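The block underneath contains the structure these notes are about, expressed in structure tokens.
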Amino acid sequence: MCGIVGYIGKKQAFPIIVNGLKRLEYRGYDSAGVALLDSSNNLNVYKKQGKVEEMEKFALKHSTDGCIGIGHTRWATHGEANDVNAHPHINTNGDIAIIHNGIIENYVSLKTALIERGYVFRSQTDTEVIAHLIDDIQKNAKVDLAEAVRLALNEVVGAYAIVVISKNEPDKLIVAKMSSPMVIGFGEDELYVASDGSPLIEHTKKVSYIEDGQMAILHLNGNMEVKNLTDNLPRNLYFEELSFTLEEIEKGGFEHFMMKEIHEQPQAIYNSIRGRMGLEQMKISLGGINQFEGSFRNTERIVIVACGTSWHSALIGKYLFEEFARINVDVEYASEFRYRNPKLSEKDIVIAISQSGETADTKAALELAKQKGALTYGICNVVGSSIARLSDAGSYTHAGPEIGVASTKAFTTQVSLLVLMALQIADIKGTISTSLMNEFLNELDILPKKIEKILESDKYIEKIAKVFQHSTNFLYLGRGYNFPVALEGALKLKEISYIHAEGYPAAEMKHGPIALIDENMPVVVLAPHSTYYDKLLSNVEEVKTRKGRIIAVVTEGDELVKNLAEYVIKIPNTIEALSPILTVIPLQLLAYHIAVLRGCNVDQPRNLAKSVTVE
Ligand code: AGP
């Protein structure tokens, strides 16, 4: 989950690369580095542990001249986060530099062979192996840089998005891709390469996504040629346009991207449903479902594969498809699914949910599903992402770029999309009444307004956060559609405040976890009006009896829970199946404020990265 940026053109490369890396820091920030080919054909490499600005300060003490350069911000996989393991990595005499996002699975065997041939390694990284391998091949096969890169990568097993520059051929960047994300930007006689579009958008919207198993030579004159890594045959270039704007990836006056994205949810939900539900003709129309209407009508089983927050929205999808479309649903952790030998047939439909569209486990699970003949459907937020392009069909959540590592608007727009899918399939199968469909469509139409109302509780929730900021454990309880929200609320708190938290089905407390309850245990209970309300009330009583400190999320007008809970956060009433889109908002805000009060890095929590593109 590293970030890579490269530039070749007429402008000074250093500021372009540094600003680009800063936009990619959400992908990893253990260390950063840059390699620049200057006008005297020196290859200058500067790299430092820590954030990009540390490297920037260090580099500015030296020459940062040059119109060709590469840069990297790292999430450590092999070798600790320090200066020497920071990218770029160079060959022995320092005339080749490389940056890499991914993992080289067979780097040990390659490294052993290179050491036997006399190469001396400076770092513990897998990436440095490629630098020496390219050097070794060029020396022995007497080939140019592009061919040496191609031959080297044919010996490599693993995932990579790499960029290579050399003093000996100072008029080109060589790039290659296998499983890790990469996008090329086209300016006026200048070319950019990056892990995603965010470093490019201020320079160009014209981009091209090279495919897995391809490489490209980016020339100083702004031309680019694409080839197969296997047989070196030329491939066509396809252009696309970036689908977001610069302001969408700025903070817009908020202190953190996470808070901005929490507040973007009304608009994000509106964008995710806009144009997909017709209030006049009371119909839902998702292109991906329309394309395979017969498969969705006849399938007897849907499998949803995902990770993290996306796995939580998948659980809500299960409840929705089963209740309204009357289809059996299995929800699988992608990392588990990909290594089993799951029983799948061409009658099954496998849905992959992934905000980034680049999560390695989810992508691999989808590839397995394809191999077994299932119809694959992607729910992604990043247009043109690997999972989106791998799926037979799919729908984008249209949440806009999500920069904060903790998923917020991605989750609520995923749930909105799953609601639309379940309702459209139910409509196709005739398992939903017209009146209930109308009720859903009308409620979906006003849901953004209801989210805005909940956001008005932000100051109250901040007060609650102050009370519990020093807690060492939290429990989150919910039932039915709000059980996955309990899991999501716990994950939010864990990943940005570093407080241990667990989500549970409320009724499960009696089977052990209730032993944890005492006056030091904050218990967040999701208790909106629902078919489970009375049962939840008993669960809240059980917690109260044991002196648990209850923070309850209730439907406004609730008169019962408020007598049991220490703090009550009210949300507008809605259809039970839509309640997760509302109940999660207070949990996002609670986690955010606790993390800020604890001085945590909310947008870039320790050990985490936004897109887990490695196993
Ligand atoms: C959630 O807040 C985390 N950022 C993480 O669990 C994330 O949801 C998970 O890594 C899956 O990412 P994806 O949706 O991009 O596949």
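Worth knowing before you read on, the calculation uses all heavy atoms, side chains too, and leaves out hydrogens, waters and symmetry mates. Bear in mind the structure is a predicted one, so any value in this text is a computation, not a measurement. Each ligand, and each atom within it, is numbered from 1 in the order the structure gives.
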What protein heavy atom sits nearest atom 12 (O) of ligand 1, and how far away is it?
Thr359 OG1, 3.5 Å
Check the surroundings of atom CD in Glu322: do more than 12 heavy atoms from other residues, nucleotides or ligands lie under 6.0 Å from it?
yes
For atom 11 (C) of ligand 1, tell me which residue out of Cys307, Gly308, Gly404, Ala591 has the closest non-hydrogen atom.
Cys307
Residues Thr397 and Gln414: side-chain donor-acceptor under 3.5 angstrom
no
What atoms of ligand 1 come closer than 4.0 angstrom to any heavy atom of Ser407?
1 (C), 2 (O)
contact_flag Glu358 ligand 1 heavy-atom lt 4.0 Å:
no
Is the ring centre of Tyr192 less than 6.0 Å from the ring centre of His203?
yes
OH (Tyr270) with more than 12 external heavy atoms under 6.0 Å:
no
Tell me whether the rings of Phe254 and His263 are parallel (<30°), tilted (30 to 60°) or perpendicular (>60°).
tilted
Take atom NZ in Lys453; do more than 12 heavy atoms of anything else shown fall under 6.0 Å from it?
no
So, regarding Gln355 and ligand 1 (criterion: nitrogen or oxygen to nitrogen or oxygen, under 3.5 Å), is there a contact or not?
yes
Counting from 1, what ligand 1 atoms have a heavy atom of Ala406 closer than 4.0 Å?
2 (O)
Cation-pi, Tyr498 ring and Arg606 (6.0 angstrom, 45 degrees)
yes
Near Lys492 (heavy-atom distance under 4.0 Å), the atoms of ligand 1 are 1 (C), 2 (O)
Can the ring centres of Tyr209 and Tyr238 be said to be less than 6.0 Å apart?
no
At what distance is the nearest protein heavy atom to atom 4 (N) of ligand 1, and which residue and atom is it?
Val405 O, 2.7 Å
Closest to atom 2 (O) of ligand 1 among protein heavy atoms sits Glu495 OE2, 2.4 Å
Geometric N/O contact Gln414 with ligand 1, under 3.5 angstrom:
no
For atom 1 (C) of ligand 1, what is the nearest protein heavy atom, given as residue, atom name and distance?
Thr309 OG1, 3.0 Å
In this structure, are over 12 heavy atoms from other groups packed under 6.0 Å from Lys570 atom NZ?
no
In the protein, what heavy atom is nearest to atom 10 (O) of ligand 1, and what distance, to one decimal place, separates them?
Val612 CG2, 3.8 Å
Select the closest option to atom 15 (O) of ligand 1 among Ser310, Ser313, Ser356, judged by heavy-atom distance.
Ser356
Hey, is ligand 1 close enough to Thr362 that some N/O pair sits below 3.5 Å?
no
Min N/O separation Ile353 to ligand 1 under 3.5 Å:
no
Determine whether the side chains of Ser497 and Lys492 contain a donor N or O and an acceptor N or O closer than 3.5 Å.
no
